Amino acid sequence: MKNTLDIRTVANRYAAQLQLCCSHRSSSYCIARTIHAHMIASGFKPRGHILNRLMDIYCKSSNIAYALHLFNKIPEPDIVARTTLIAAYSTAGNLKLAQEVFGGTPLSTRDTVFYNAMITAYSHNNDGHAAIELFREMRRDDFRPDNYTCTSVLGALALIVEDEKHCQQMHCAVLKSGTVFVTSVLNALISTYVKCASSPLASSSLLMGAAKKLFDEMPKKDELTWTTMITGYVRNNDLDAAREILDGVTENIGVAWNAMISGYVHHGFIHEALEMFRRMHLKGIQHDGFTYTSIISACANAGLFKHGKQMHAFILRTEEKHELEFSLSVNNALVSLYGKCGKVDEAREIFNKMPIRDLISWNAILSAYVNLGCIVEAKSFFKEMPERNLLTWTVMISGLAQNGFGEEGLKLFNQMRIEGFEPCDYAFAGAITSSAMLGALEHGRQLHAQLVKLGHDSSLSAGNALITMYARCGIVEAANCVFLTMPCLDSVSWNAMIAALGQHGHGLQAIELFEQMLKEDIVPDRITFLTILSACSHAGLVKEGHRYFNSMRGCYNITPGEDHYARLIDLLVRAGKFSEAKDVIQSMPFEPGAPIWEALLSGCRIHGNMDLGIQSAERLFELMPQHDGTYVLLSNMYATAGRQNDVAKVRKLMRDRGIKKEPGCSWIEVESKVHVFLVDDTVHPEVQAVYNYLEQLVLEMRKLGYVPDTKFVLHDMEEAQKESVLYTHSEKLAVVFGLMKLPLGATIRVFKNLRICGDCHNAFKFMSKVVGREIVVRDGKRFHHFRNGECSCGNYW
DNA sequence: GTAGGGTTAG
């Protein structure tokens, strides 16, 4: 007897403790866990309403898996347990399991609250029709709807109702239903009006007017009334009206301020949002995790790292430690802030300290690695991740693509589909960029077709990726076709198309498109100017390029960076205007760095300007002694001038410093497969046949006047030997392989990691004439179209 | 045990 009494006392005590911890909001999870641990340790087996309460707490702290574990231990779960479970599945987004629980519950044990939970589950998972249908069923089965039912049904209606007529019918139906108009129901009604107001089919002002009328007439407003009205105006783009509502709030209602802050952030008024927070703090308005996350993420997105960091410091100063520790979203926002501002170590530190993490936390770190180009870290982190979603995959795929790992990007895209994720347009954009990097035109085309099939063809990001893909695969016409048919364009689209024209040597067309962009009031950005300067440089349009450079500051308030100066210098020295280039360098507000000297050196090589060339190379040796390109350019310059002794000196310098020239590597796509050739390749299975065919071609080419140019051979050897070295160049092997394998007459498109060699450039001119086919080579810098003995670059590269 | 508003990743 005594024993049972004791158990009852203990149970009551636990129940009271759990009740208490539910009023403690964010710390409830940790306290509940402690209480639960205590139960287990003392041998107390929770049952009945204590178990239900525990389950509920675990569900609300996003630990649904554990809640389910508890549920499964109950032999005969009562209606309260079942209701909790439905709510849990609903928040987990698993409507199917919620339906199973609902269907498996006999009618005799159901109650109104149980129906409410299922109606809400449908509504939360965007199935308004099912929610309404269940409401009808509930009334047929003679269950009495209450205020909760009414509010949930109104929420469901907001998903279905589209125009004002529909909305007013709904309002009348609510009036007739005999509902008691308590605040919560009126809030839901206002919310429905507000949601319908942003539908394109409805009149926004009419419905917002109706919402405002209800709002004004409400005898008793609670915090939700204020926030609903504020967000309503925010969503309908009336920030002033929203602000007016907030100014009418006299009580200490932090959530209303949060709604206003988030409204400012959404409309890009970051400084107004920050100012709101300042005022909120001064007035002693309660701020919480929502306030912090809004502010922090706004700072992260606007690049206001200092403000974000101040916010972090503020939180650490003012909040109880456990409040911050257990706030998942604040920590996620912080991780994302540090990650986006390039402080991946700090981001990782916060992540490591987080007691609970979700997919958002993992994805934030993954994007931080990817954005910084830390692909090795990103890859191992990706492997470690306990779960992945669509975003995880797209971040990783586009990260691989943008960092030049095209093949791995495509592999991952396929893997993603195998694992059952249907790619969204961003994922397609990543895969398309991967094909662009590889020059895998067939892959790119197939992706384009799938994109259309899955209905993503009007996507901006995918369209922009397609422009770049076709251009980088050598078909500027197809790029233009995508550009012209895209339903809407942004500055990225224009930049991509201008760059496409520039890379293919169509400088005048690039300029034309740039002018059209200006006419259509698209504001050019830093990237636009980089592309237009390159386009001018590739086509030798010195005057035009110089004029555009000068307009940057004056017309568009863009301060030219070192990269812009480098392209201007490149433009000038390619045209042999060395004294003008010197003037520009003199006028620069900073000391010339590596990009400037590189531009000078390559100009000097073209024009044989030895003194300045040597000076530039020496500066580059100081700035980046390990960079192989400088040695190659310098030795080519000596070779062209016939200074073989100096070529030998450069070679010795390279040897002494342990610098190896990056091996040349070229590739070509044949029947959707990418074939790679290295210099002096022995690996490709058909390379012997390639060498044989090349030999035959060279005989024909010589008849037309081709003379091998051994100046460009870096090694010291006999002349005849040097010639044979020329025939091992990777670009020659890839082109010849294409001639052997592709259908007769088809254009050969080859890609090379480095700049095309001078002899190969000359050889392809003759080759194009011998075989009567077009040969397109994309090298590290630009495109060369060889047709009938000429190259589109006009020997100007 | 159930509603209505405010947050976090490309």
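Keep in mind that what you see is a predicted model, and the values were worked out from it rather than measured.
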Of the options [options], whose atoms approach the side-chain atoms of [X] most closely?
{"X": "A:Thr228", "options": "B:dA3, B:dT8, B:dG5", "answer": "B:dG5"}
{"X": "A:Asn301", "options": "B:dG5, B:dG6, B:dA9", "answer": "B:dA9"}
{"X": "A:Val395", "options": "B:dG4, B:dG1, B:dG10", "answer": "B:dG10"}
{"X": "A:Leu391", "options": "B:dG5, B:dA9, B:dG1", "answer": "B:dA9"}
{"X": "A:Ser152", "options": "B:dG6, B:dG1, B:dA3", "answer": "B:dA3"}
{"X": "A:Asn187", "options": "B:dG6, B:dG4, B:dT7", "answer": "B:dG4"}

Who are the side-chain contact (heavy atoms from CB on, under 4.5 Å) partners of A:Thr183, not counting sequence neighbours?
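With sequence neighbours excluded, A:Thr183 shows a side-chain contact (heavy atoms from CB on, under 4.5 Å) to A:Asn187, A:Met218, A:Lys220, A:Asp222, A:Thr225, given in chain and number order.
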Residues two or more places apart in sequence or in another chain: which of them pass side-chain contact (heavy atoms from CB on, under 4.5 Å) with A:Leu359?
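side-chain contact (heavy atoms from CB on, under 4.5 Å) list for A:Leu359, sorted by chain: A:Asn363, A:Met385, A:Glu387, A:Asn389, A:Thr392.
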Specify the separation, in whole Å, of atom [atom1] of [X] and atom [atom2] of [N].
{"X": "A:Met218", "N": "B:dG5", "atom1": "CE", "atom2": "P", "answer": "14 Å"}
{"X": "A:Ile230", "N": "B:dG4", "atom1": "CD1", "atom2": "P", "answer": "19 Å"}
{"X": "A:Asn147", "N": "B:dA3", "atom1": "CG", "atom2": "C1'", "answer": "9 Å"}
{"X": "A:Asn389", "N": "B:dT8", "atom1": "CG", "atom2": "C1'", "answer": "13 Å"}
{"X": "A:Asn52", "N": "B:dG1", "atom1": "CG", "atom2": "P", "answer": "9 Å"}
{"X": "A:Phe71", "N": "B:dG1", "atom1": "CZ", "atom2": "C1'", "answer": "12 Å"}
{"X": "A:Gln286", "N": "B:dG6", "atom1": "CD", "atom2": "C1'", "answer": "14 Å"}
{"X": "A:His124", "N": "B:dG4", "atom1": "NE2", "atom2": "C1'", "answer": "9 Å"}

Check if the side chain of [X] and the base of [N] share a donor-acceptor pair of N or O atoms closer than 3.5 Å.
{"X": "A:Thr227", "N": "B:dG6", "result": "no"}
{"X": "A:Asn363", "N": "B:dG10", "result": "no"}
{"X": "A:Asn116", "N": "B:dG1", "result": "no"}
{"X": "A:Ser329", "N": "B:dT7", "result": "yes"}

Using the test ring-ring contact (aromatic ring centres under 6.0 Å, His included), find all partners of A:Phe290 that sit at least two apart in sequence or belong to another chain.
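Checked A:Phe290 against ring-ring contact (aromatic ring centres under 6.0 Å, His included); zero matches.
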With sequence neighbours excluded, residues passing side chain to side chain donor-acceptor pair (under 3.5 Å) with A:Tyr14:
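Applying side chain to side chain donor-acceptor pair (under 3.5 Å) to A:Tyr14 gives A:His38, A:Ser42.
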Are OP1 or OP2 of [N] and a side-chain N or O of [X] less than 4.0 angstrom apart?
{"X": "A:Ser297", "N": "B:dT7", "value": "no"}
{"X": "A:Lys340", "N": "B:dG10", "value": "yes"}
{"X": "A:Ser367", "N": "B:dG10", "value": "yes"}
{"X": "A:His287", "N": "B:dT7", "value": "no"}
{"X": "A:Ser336", "N": "B:dA9", "value": "yes"}
{"X": "A:Arg235", "N": "B:dG6", "value": "yes"}

Can you pull out the residues from residues 72-89 of chain A that lie within a 4.0 Å heavy-atom distance of DNA chain B?
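Nucleic-acid contacts, sorted: A:Ile79, A:Val80, A:Thr83, A:Thr84.
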Could you check whether A:Tyr148 and the base of B:dT2 form a stacked pair, meaning centres closer than 5.5 Å and planes differing by less than 30°?
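Base of B:dT2: stacked against A:Tyr148.
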Classify A:Ser262 by what it touches in the nucleic acid, base, sugar-phosphate, or nothing, heavy-atom distance under 4.0 Å.
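It contacts sugar-phosphate atoms only.
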At 4.0 Å (heavy atoms only), tell me whether A:Arg357 reaches a base, stays on the sugar-phosphate, or touches nothing.
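No contact at all - A:Arg357 keeps every heavy atom at 4.0 Å or more from the nucleic acid.
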I'd like to know if the side chain of A:Thr149 pairs up with that of A:Asn116 as donor and acceptor (distance under 3.5 Å, no hydrogens or angles considered).
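Yes, because at least one side-chain N or O of A:Thr149 sits under 3.5 Å from a partner of the opposite role on A:Asn116.
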Among pairs that include at least one residue of residues 337-358 of chain A, which meet ring-ring contact (aromatic ring centres under 6.0 Å, His included), considering only residues two or more places apart or in two chains?
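Every ring-ring contact (aromatic ring centres under 6.0 Å, His included) pair that includes a residue of residues 337-358 of chain A, provided the two are not neighbours, is A:Phe305-A:Tyr338, A:His312-A:Tyr338, A:Phe351-A:Trp362, A:Phe351-A:Phe381.
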Crowded around A:Arg278 CZ? As in, over 12 foreign heavy atoms under 6.0 Å?
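Yes, the 6.0 Å shell around CZ holds more than 12 heavy atoms from other groups.
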Would you please indicate yes or no on a ring centroid separation below 6.0 angstrom for A:Phe277 and A:Phe314?
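That pair passes the under 6.0 Å test.
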Short N-O contact, A:Glu349 and A:Lys353, less than 4.0 angstrom:
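Salt bridge between A:Glu349 and A:Lys353, a charged N being under 4.0 Å from a carboxylate O: yes.
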